Amino acid sequence: VQLQASGGGVVQAGGSLRLSCAVSERPFSSYVPGWFRQAPGKERDFVAALSWTGRTPYYADSVKGRVTISRDDALNTVFLDMNSLEPEDTAVYYCAGRSRGTGEFSSGWYRRREEYDYWGQGTLVTVSS
């Protein structure tokens, strides 16, 4: 399974962007998509994940209320809609996926990088003030 992220760019503070993550083949029914980001000189941090049913999203506190994760199964694509962008959102954004079954989401496992099987190449988002 290969992931291809796109949609990054330069946007002014307060603006919006939609990131896309195309999945090369139809994932397993238990596939869980996620987004992470890495700012210069910092760790790669969790941004958002979506339950394998597609019904329940999970967000980092830093983006909650400004970001929406969704998927389109017909397109094999996962989206990350970002609004009210701030300079602190500047980072390379990576899409990720897991297809080997999951534990309880209440444990927060989806926040950990090592829990994901597949990674996209990253797309740069730059928010100017």
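Quick caveat: nothing in here was measured; it's all calculated off a predicted structure.
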Chemist: Over all heavy atoms of both residues, which pair between Ala48 and Leu80 is shortest? Give the atoms and the distance, please.
Modeler: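 Shortest heavy-atom contact: CB-CD1, 4.0 Å.
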Chemist: Verify, without hydrogens or angle tests, whether Ser99 (side chain) and Tyr31 (backbone) share a donor-acceptor contact under 3.5 angstrom.
Modeler: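 Checking the backbone N and O of Tyr31 against the side chain of Ser99, no donor-acceptor pair under 3.5 Å is found.
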Chemist: Any idea which heavy atoms bring Thr123 and Ala5 closest together, and the distance?
Modeler: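 Looking at all heavy atoms of both residues, the shortest contact is CG2-CB, 4.2 Å.
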Chemist: Does NZ or CZ of Arg18 come closer than 6.0 Å to the centre of the six-membered ring of Phe79, within 45° of the ring's axis?
Modeler: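 So Arg18 does make the cation-pi contact.
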Chemist: Which distance, rounded to the nearest 0.5 Å, do you find between the OH of Tyr58 and the OG of Ser51?
Modeler: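 Taking OH in Tyr58 and OG in Ser51, the distance rounds to 5.5 Å.
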Chemist: OG1/Thr126 to CG/Asp89 distance, rounded to the nearest 0.5 angstrom?
Modeler: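 So the gap between those two atoms works out to 11.0 Å.
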Chemist: Answer yes or no: is there a donor N or O on one side and an acceptor on the other, between the side chain of Tyr59 and the main chain of Ile69, under 3.5 Å?
Modeler: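 Present.
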Chemist: Does CD belonging to Gln121 count more than 12 external heavy atoms closer than 6.0 Å?
Modeler: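 Enclosed.
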Chemist: Can you tell me how far apart CD (Glu86) and OG (Ser129) are? Round to the nearest 0.5 Å.
Modeler: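 It is 12.0 Å, given to the nearest 0.5 Å.
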Chemist: Could you tell me if the side chain of Trp109 sits less than 4.5 Å from the side chain of Val32, heavy atoms only?
Modeler: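 They are in side-chain contact.
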Chemist: Nearest 0.5 angstrom please: Thr68 OG1 to Leu50 CG, how far?
Modeler: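 It is 11.0 Å, given to the nearest 0.5 Å.
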Chemist: Main chain of Glu115, side chain of Arg98: is a donor-acceptor contact present, judged purely on distance under 3.5 Å?
Modeler: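 Looks like yes, one N/O pair under 3.5 Å.
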Chemist: Please report the shortest heavy-atom distance between Pro33 and Val78, naming the atom on each side.
Modeler: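 Smallest heavy-atom distance, with atoms named: CB-CG2, 3.6 Å.
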Chemist: Are the side chain of Tyr118 and the backbone of Cys95 linked by a donor-acceptor contact shorter than 3.5 Å?
Modeler: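 No, because the side chain of Tyr118 does not come within donor-acceptor range (under 3.5 Å) of the backbone of Cys95.
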Chemist: On the six-membered ring of Tyr94, is Arg44 placed so that its NZ or CZ lies under 6.0 angstrom from the centre and within 45° of the ring axis?
Modeler: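 Yes, Arg44 sits over the ring of Tyr94.
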Chemist: Hey, quick one: are Val67 and Leu85 part of the same hydrophobic cluster, counting side-chain heavy atoms closer than 4.5 Å, chains of contacts allowed?
Modeler: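 Per the 4.5 Å side-chain linkage, Val67 and Leu85 are co-clustered.
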Chemist: Find out if a path of hydrophobic residues (ILVMFWY) with successive side-chain heavy-atom gaps under 4.5 Å connects Val127 to Trp35.
Modeler: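 Looking at the clustering, Trp35 is in the same group as Val127.
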Chemist: Which pair of non-hydrogen atoms, one from Ser16 and one from Asn83, has the smallest distance, and what is that distance?
Modeler: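 Smallest interatomic distance, heavy atoms only, reads OG-OD1, 2.9 Å.
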Chemist: Give, for atom CG of Leu124 and atom CD of Gln38, the distance between the pair rounded to the nearest 0.5 Å.
Modeler: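 Between atom CG of Leu124 and atom CD of Gln38 there are 11.5 Å.
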Chemist: Contact between Asp117 and Val1 at the side-chain level, heavy atoms closer than 4.5 Å - yes or no?
Modeler: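 They are not in contact (no side-chain heavy atoms under 4.5 Å apart), so the answer is no.
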Chemist: When you compare the side chain of Arg66 with that of Met82, does any pair of heavy atoms fall below 4.5 Å?
Modeler: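 Not in contact.
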Chemist: State plainly whether one hydrophobic cluster holds both Leu19 and Val92, where clusters connect Ile, Leu, Val, Met, Phe, Trp and Tyr through side-chain heavy atoms under 4.5 angstrom apart.
Modeler: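 The answer is no; the residues belong to distinct hydrophobic clusters.
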Chemist: Specify the closest pair of heavy atoms between Tyr93 and Arg37, including all atoms of both residues, with the distance to one decimal.
Modeler: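 Smallest interatomic distance, heavy atoms only, reads OH-NH1, 2.9 Å.
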Chemist: If every non-hydrogen atom of Gly7 is compared with every non-hydrogen atom of Leu17, which pair is closest and at what distance?
Modeler: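 Closest approach of Gly7 to Leu17: O-CD2, 3.8 Å.
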Chemist: Does any pair with a residue in residues 100-129 pass disulfide bond (SG atoms under 2.5 Å apart), and if so which ones, sequence neighbours excluded?
Modeler: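 Qualifying pairs: none.
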Chemist: Quick one: does Arg113's side chain get under 4.5 Å of Trp119's, heavy atoms only?
Modeler: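 Sidechains of Trp119 and Arg113: in contact.
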Chemist: Check whether any side-chain N or O of Arg71 sits under 3.5 Å from a backbone N or O of Trp52 as a donor-acceptor pair, and report yes or no.
Modeler: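 Yes; at least one donor-acceptor contact below 3.5 Å.
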Chemist: To the nearest 0.5 Å, what is the distance between CZ on Arg112 and CZ on Phe36?
Modeler: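 These two atoms lie 10.0 Å from each other.
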